[in-house]
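To keep things clear, I will list the structure first and then write my remarks on it.
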Amino acid sequence: MPELKSIEMGNECFKNVSELKLIGMKMLKRVLIGMNCFTKKSDKESYGLYVKNCESLRELKIGNNSFEYSVCEIESVGSLEVIEVGDECFSNVSELKLIGMKGLERVLIGQNSFTKCKNGYGGDIKRHFCLKDCERLRELKIGRYSFSDYSVCEIENVPSLEVIEMGELNEESYNFYYASKLELKSDCSKMRMMNRFA
């Protein structure tokens with residue numbers, strides 16, 4: 001479907017689908033997925049979301065409780081500006097890489113996403129988050145308990161980054177609870193706020 005520009009799915013769709021592949025869709029600009037979609041539960045690595053080589057894509061938004069998958073791959077989407085993931089998504093994903101997305105400006109992730117330890121914390125040396133070479137990224141917001149069992153948080157070469165928010169002030173949040181360090185490797189002169197770490 002070379003002319004397809006938008007995909008919108010309502011709530012509670014495609015419960016038993018094991019893979020969603022959006023690959024090589026040159027005109028696709030927007031993907032909106034509702035709540036409780038793609039909820040087939042499995043630890044198999046073949047169950048995944050793949051968004052690749054969609055050069056016009058600007059928005060990727062996913063509602064709460066969607067994607068009980070073990071893989072989330074987003075690659076070669078240079079025009080992507082916004083990634084929004086709701087609450088309690090991608091619990092089985094062990095690695096999230098957002099690398100070389102030249103147009104990316106905002107990453108917003110809700111509560112209890114990318115973690116098996118809902119409302120708590122754990123530790124898994126195999127679970128990694130990497131945000132790298134996204135030169136226009138201004139905002140990274142991660143809700144309470146998300147990535148709570150990830151052992152690595154790497155943020156590198158994001159020179160436009162202004163805001164990092166992880167969790168909530170005065171509340172238990174446990175983001176990256178067992179990560180040994182947080183490294184910001186870039187010119188952070190534009191950063192005006194770095195708070196809510198708990």
Side-chain angles (χ1 to χ4, degrees), residues 33 43 45 47-52 60-62 64-78 80-168 171-186 188 191 193-198:
I33 296 171
D43 289 327
E45 291 189 7
Y47 285 38
L49 169 66
Y50 304 89
V51 182
K52 300 182 179 183
L60 175 60
K61 296 183 178 182
I62 297 169
N64 298 341
N65 300 294
S66 291
F67 292 102
E68 289 284 345
Y69 290 175
S70 55
V71 177
C72 178
E73 293 185 4
I74 305 171
E75 301 174 4
S76 300
V77 285
L80 188 62
E81 297 174 357
V82 177
I83 297 174
E84 289 187 16
V85 176
D87 300 338
E88 305 203 16
C89 299
F90 296 108
S91 59
N92 293 310
V93 169
S94 61
E95 190 171 63
L96 179 62
K97 293 183 177 180
L98 306 176
I99 299 175
M101 299 182 183
K102 304 299 185 184
L104 189 61
E105 296 180 1
R106 290 190 304 145
V107 176
L108 309 175
I109 296 172
Q111 299 182 14
N112 280 308
S113 288
F114 297 96
T115 184
K116 291 183 178 181
C117 301
K118 300 294 175 69
N119 300 309
Y121 61 87
D124 188 338
I125 61 172
K126 296 179 181 178
R127 308 197 98 186
H128 298 168
F129 172 68
C130 181
L131 177 62
K132 186 175 180 181
D133 301 329
C134 298
E135 60 193 37
R136 294 181 60 187
L137 185 71
R138 294 182 292 103
E139 188 175 27
L140 172 63
K141 293 185 178 182
I142 298 172
R144 297 173 67 196
Y145 306 111
S146 289
F147 300 100
S148 64
D149 50 4
Y150 274 51
S151 62
V152 175
C153 175
E154 183 179 3
I155 300 172
E156 183 175 346
N157 193 23
V158 283
S160 299
L161 190 62
E162 297 176 358
V163 177
I164 298 177
E165 291 184 16
M166 294 183 185
E168 296 181 19
E171 296 286 347
E172 293 180 335
S173 295
Y174 297 123
N175 308 101
F176 300 101
Y177 189 75
Y178 276 99
S180 60
K181 60 182 176 180
L182 170 64
E183 289 188 70
L184 299 176
K185 297 180 179 179
S186 69
C188 297
M191 189 172 293
M193 179 171 60
M194 183 175 173
N195 67 4
R196 296 191 183 181
F197 288 87

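Bear in mind the structure is a predicted one, so any value in this text is a computation, not a measurement. Heads up: numbering here begins at 1 and tracks the sequence.
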Should Asn64 and Glu88 count as side-chain neighbours, where that means a heavy-atom distance under 4.5 Å? no
Under 3.5 Å, side chain of Ser148 to main-chain N/O of Gly120, donor-acceptor pair present?
yes
ask   = Considering only heavy atoms from C-beta outward, does the side chain of Leu98 approach that of Leu137 to under 4.5 Å?
value = no
Scanning both residues in full, the closest heavy-atom pair of Gly110 with Ser146 reads O-OG, 2.5 Å
Asn157 (side chain) donor-acceptor with Glu135 (main chain) under 3.5 angstrom: no
Taken to the nearest 0.5 Å, the spacing of Glu75 CD from Lys97 NZ works out to 8.5 Å
Before you tell me yes or no, could you show the steps for Leu80 and Val51 under side chain to side chain contact (heavy atoms under 4.5 Å, CB included), namely the whole-Å CA-CA distance, both residues' side-chain angles and the distance that decides it to 0.1 Å?
CA-CA 11 Å; Leu80 188 62; Val51 182; over 6 Å; no
On a heavy-atom basis, the closest approach of Gly100 and Cys134 is N-SG, 4.2 Å
request  = Please confirm whether the backbone N or O of Glu168 pairs with a side-chain atom of Ser173, one donor and one acceptor, at under 3.5 Å?
outcome  = yes
One should read off an interatomic distance between Tyr121 OH and Tyr174 OH, to the nearest 0.5 angstrom, of 5.5 Å
**Study point:** Minimum side-chain heavy-atom gap Ile83-Met101 below 4.5 Å
**Key:** yes
Donor-acceptor check, side chain of Asn119 to backbone of Tyr145, threshold 3.5 angstrom: yes or no? no
**Request:** Take Phe67 and Ile33 through the side chain to side chain contact (heavy atoms under 4.5 Å, CB included) test and state the conclusion after the steps.
**Result:** CA-CA 10 Å; Phe67 292 102; Ile33 296 171; 3.7 Å; yes
Using only atom types and a distance under 3.5 Å, with no angle test, would you say the side chain of Ser76 pairs donor to acceptor with the backbone of Lys52? no
The reported gap from CD in Glu105 to CD in Glu81 (rounded to nearest 0.5 angstrom) is 5.0 Å
Would you say the ring centroid of Phe129 lies under 6.0 angstrom from that of Tyr150? no
- Is there a donor-acceptor pair closer than 3.5 Å between any side-chain N or O of Arg136 and the backbone N or O of Ser160? no
Charged N-O contact under 4.0 Å between Glu84 and Arg106 | yes
Main-chain N/O of Lys116 paired to Ser91 side chain as donor or acceptor, under 3.5 Å: no
For Ser113 and Cys89, the nearest pair of non-hydrogen atoms, with its separation, is OG-N, 3.0 Å
Exercise. Taking Asp87 for the side chain and Gln111 for the main chain, is one N or O donor matched with an acceptor at less than 3.5 Å?
Worked result: yes
Can you find a heavy atom in the side chain of Ile109 that is under 4.5 Å from one in the side chain of Phe147? yes
Subject >> Leu140 side chain near Val107 side chain, heavy-atom distance below 4.5 Å >> reply: yes
I want to check something: taking the side chain as every heavy atom from C-beta on, are Ser151 and Asp124 in contact at a cut-off of under 4.5 Å? no
Residues passing the side chain to side chain donor-acceptor pair (under 3.5 Å) test with Lys132, sequence neighbours excluded, are none
Side chain to side chain donor-acceptor pair (under 3.5 Å) filter on Lys102, not counting sequence neighbours, yields none
Asp149 meets the side chain to side chain donor-acceptor pair (under 3.5 Å) criterion, sequence neighbours left out, with Thr115, Arg127
So CD1 of Ile164 and CG of Leu131: to nearest 0.5 Å the spacing works out to 8.5 Å
Heavy-atom closest pair (Asn112 atom, Cys117 atom, distance to 0.1 Å) is OD1-O, 4.2 Å
May I ask you to test the Tyr47-Asn92 pair for a side-chain heavy-atom distance under 4.5 Å? no
